[in-house]
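Right, one structure below, let's go through it.
Note that this is a predicted model, so its numbers are computed, not measured.
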Amino acid sequence: MSPDLSRLSLNQKTTNSWSLPQAIDGCVRAGLESIGVWREPLAEIGVDKARQLLDEAGLRVSSLCRGGFLTAMDPDARHATIADNVAAIKEAAALGTDALVMVVGGLPQGSRDLPGARARVARAIGELAPVAGDHGVRLALEPMHPIFTADRGVLATLGEALDLAEQFPADQVAVVVDTFHVWWDPQVEAQIARAAGRIASFQVCDWITPFPTDALLSRGMMGDGHIDFKRLRAMVDDAGYNGDIEVEIFNADIWADDPDDVLTVMKQRYASEVLGD
């Protein structure tokens with residue numbers, strides 16, 4: 001009996017060399033039903049053309065990556081960031097996804113004020129949340145592993161992301177459960193249960209060792225590292241999440257492989273490592 005791949009989604013970063021039209025075609029060849037879109041390749045063809053290609057392919061968009069980077073102190077930079085995030089909300093709505101993944105940003109250059117950066121994130125989310133709600137989009141806060149706190153994400157745990165999300169309606173602000181970022185957390189089971197009704201995206205990739213020189217490119221294919229995906233998937237399922245499961249991998253070796261071959265392995269590993277008994 002063939003595995004059920006109906007929830008499996010290709011996050012574009014996993015096949016980083018493909019343009020959005022190429023990724024759409026690749027998903028069709030692989031028999032996938034959804035794709036996680038990134039804004040940079042989306043901008044290359046425009047939202048209208050992208051929506052046309054997605055509709056013709058019969059693909060749904062599991063999420064749009066990414067909004068965020070909300071920690072700027074300079075008023076002009078902050079104004080530009082808010083405007084860019086409003087644009088991202090409108091792009092997500094136009095693509096038919098309710099999940100805008102938010103990488104909230106790290107410390108501004110030269111700053112060591114972590115509480116101040118987190119306060120600016122909260123203030124920006126407060127401004128953006130009603131806009132998102134008006135467009136049927138949820139700001140999906142992605143907590144990031146603490147190794148990225150300085151430069152990418154000052155929200156370091158799922159609990160911390162929920163502390164912020166719970167200040168807003170669940171149809172405006174939600175969270176991302178990314179296995180790479182949360183697998184290590186001793187509180188992960190309790191926090192995923194707490195996130196019931198606020199999980200906008202579930203992303204999977206493995207934690208591999210030894211780390212490459214560039215920590216950003218340290219994500220592995222499921223089964224190549226240390227994460228118990230079935231356990232985490234069961235937690236997310238128990239929390240009531242029944243949406244798409246995105247495979248999002250940043251890895252130079254995987255990016256260098258033939259993308260069609262990557263999708264073949266991805267489907268096999270999803271079946272054995274994420275779905276398997």
Side-chain angles (χ1 to χ4, degrees), residues 9-16 18-20 23 34-47 50 54 60-72 77-78 80-106 117 120-122 124-125 127-129 131-132 135-145 148-156 158 160-161 164-165 172-182 198-205 215-219 243-251 255:
S9 177
L10 171 70
N11 183 288
Q12 269 196 276
K13 273 297 176 183
T14 302
T15 52
N16 197 45
W18 269 346
S19 66
L20 180 53
S34 70
I35 184 171
V37 174
W38 275 69
R39 294 185 70 204
E40 291 82 0
L42 174 64
E44 292 174 1
I45 65 170
V47 173
L54 290 160
R60 62 182 176 271
V61 176
S62 51
S63 74
L64 178 64
C65 295
R66 60 198 174 184
F69 295 95
L70 305 172
T71 57
R78 186 180 181 283
T81 296
I82 294 295
D84 183 63
N85 276 275
V86 170
I89 289 167
K90 294 177 179 178
E91 290 165 11
L95 293 178
T97 180
D98 70 347
L100 174 62
V101 175
M102 302 291 285
V103 177
V104 298
R120 289 191 296 278
V121 169
I125 294 298
E127 293 182 43
L128 292 167
V131 180
H135 287 82
V137 172
R138 294 197 287 177
L139 305 176
L141 305 178
E142 181 169 15
M144 306 199 81
H145 190 281
F148 299 108
T149 297
D151 62 343
R152 291 189 175 274
V154 297
L155 299 180
L158 184 55
E160 190 176 11
L164 177 53
Q172 296 180 3
V173 184
V175 295
V176 179
V177 177
D178 184 325
T179 58
F180 180 83
H181 293 306
V182 307
R198 286 191 186 266
I199 300 175
S201 178
F202 180 39
Q203 297 179 333
V204 296
C205 68
L216 184 62
L217 304 183
S218 57
R219 297 170 174 239
D244 292 313
I245 301 175
E246 283 188 10
V247 177
E248 182 188 53
I249 300 175
F250 292 65
N251 183 297
W255 287 353

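- Among all heavy-atom pairs drawn from Val137 and Thr97, the shortest one is CG2-O, 3.9 Å.
- Residues Met102 and Gly68 approach most closely at CE-N, 3.6 Å, considering heavy atoms.
- Checking side-chain atoms of Thr14 against main-chain N and O of Ile249 turns up a donor-acceptor pair under 3.5 Å.
- Rounding to the nearest 0.5 Å gives a distance of 5.0 Å between CH2 of Trp255 and NZ of Lys13.
- Nearest heavy atoms, Ala50 versus Leu95: CB-CD2, 4.2 Å.
- Side-chain atoms of Asp244 do not come within 3.5 Å of backbone N or O of Glu246 as any donor-acceptor pair.
- Arg219 places a side-chain N or O within donor-acceptor distance of the main-chain N or O of Glu248, the cut-off being under 3.5 Å.
- To the nearest 0.5 Å, the span separating OG on Ser9 from CD1 on Ile35 amounts to 7.0 Å.
- Rounding to the nearest 0.5 Å gives a distance of 7.0 Å between CG of Leu70 and OG1 of Thr81.
- A donor-acceptor pair shorter than 3.5 Å cannot be found between the side chains of Ser19 and Glu44.
- Residues Gln12 and Trp18 share a closest heavy-atom pair of NE2-O, 4.2 Å.
- Atom CD1 of Ile82 sits about 4.5 Å away from atom CZ of Arg78, to the nearest 0.5 Å.
- In this structure, the separation between OG1 on Thr15 and CG on Leu10 is 4.5 Å, given to the nearest 0.5 Å.
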- request: Test side-chain contact (heavy atoms from CB on, under 4.5 Å) on Phe69 and Asn85 and set out the steps.
  value: CA-CA 9 Å; Phe69 295 95; Asn85 276 275; over 6 Å; no

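- Residues Ala165 and Leu141 approach most closely at N-CD1, 4.0 Å, considering heavy atoms.
- Taking the six-membered ring for Trp and thresholds of 30 and 60 degrees, His181 and Phe148 have ring planes more than 60 degrees apart, a perpendicular arrangement.
- The NE2 atom of His145 sits 9.0 Å away from atom OG of Ser218, with the distance rounded to the nearest 0.5 Å.
- For Ala200, the side-chain contact (heavy atoms from CB on, under 4.5 Å) test picks out Ala99, Arg138, Ala140, Ala174, with sequence neighbours left out.
- A 4.5 Å side-chain heavy-atom check between Arg120 and Val154 finds every atom pair outside the cut-off.
- The two residues Ile89 and Leu128 have their closest heavy-atom pair at CD1-O, 4.0 Å.
- Glu91 meets the salt bridge (charged side-chain N to carboxylate O under 4.0 Å, His left out) test with Arg39; sequence neighbours excluded.
- Contacts of Glu40 classified as salt bridge (charged side-chain N to carboxylate O under 4.0 Å, His left out), with partners at least two apart in sequence or in another chain: none.
- Judged by distance alone, the side chain of Thr71 and the main-chain N or O of Gly106 form a donor-acceptor pair under 3.5 Å.
- Annotation: side chain of Val173 is not in contact with side chain of Leu164 (no heavy-atom distance under 4.5 Å).
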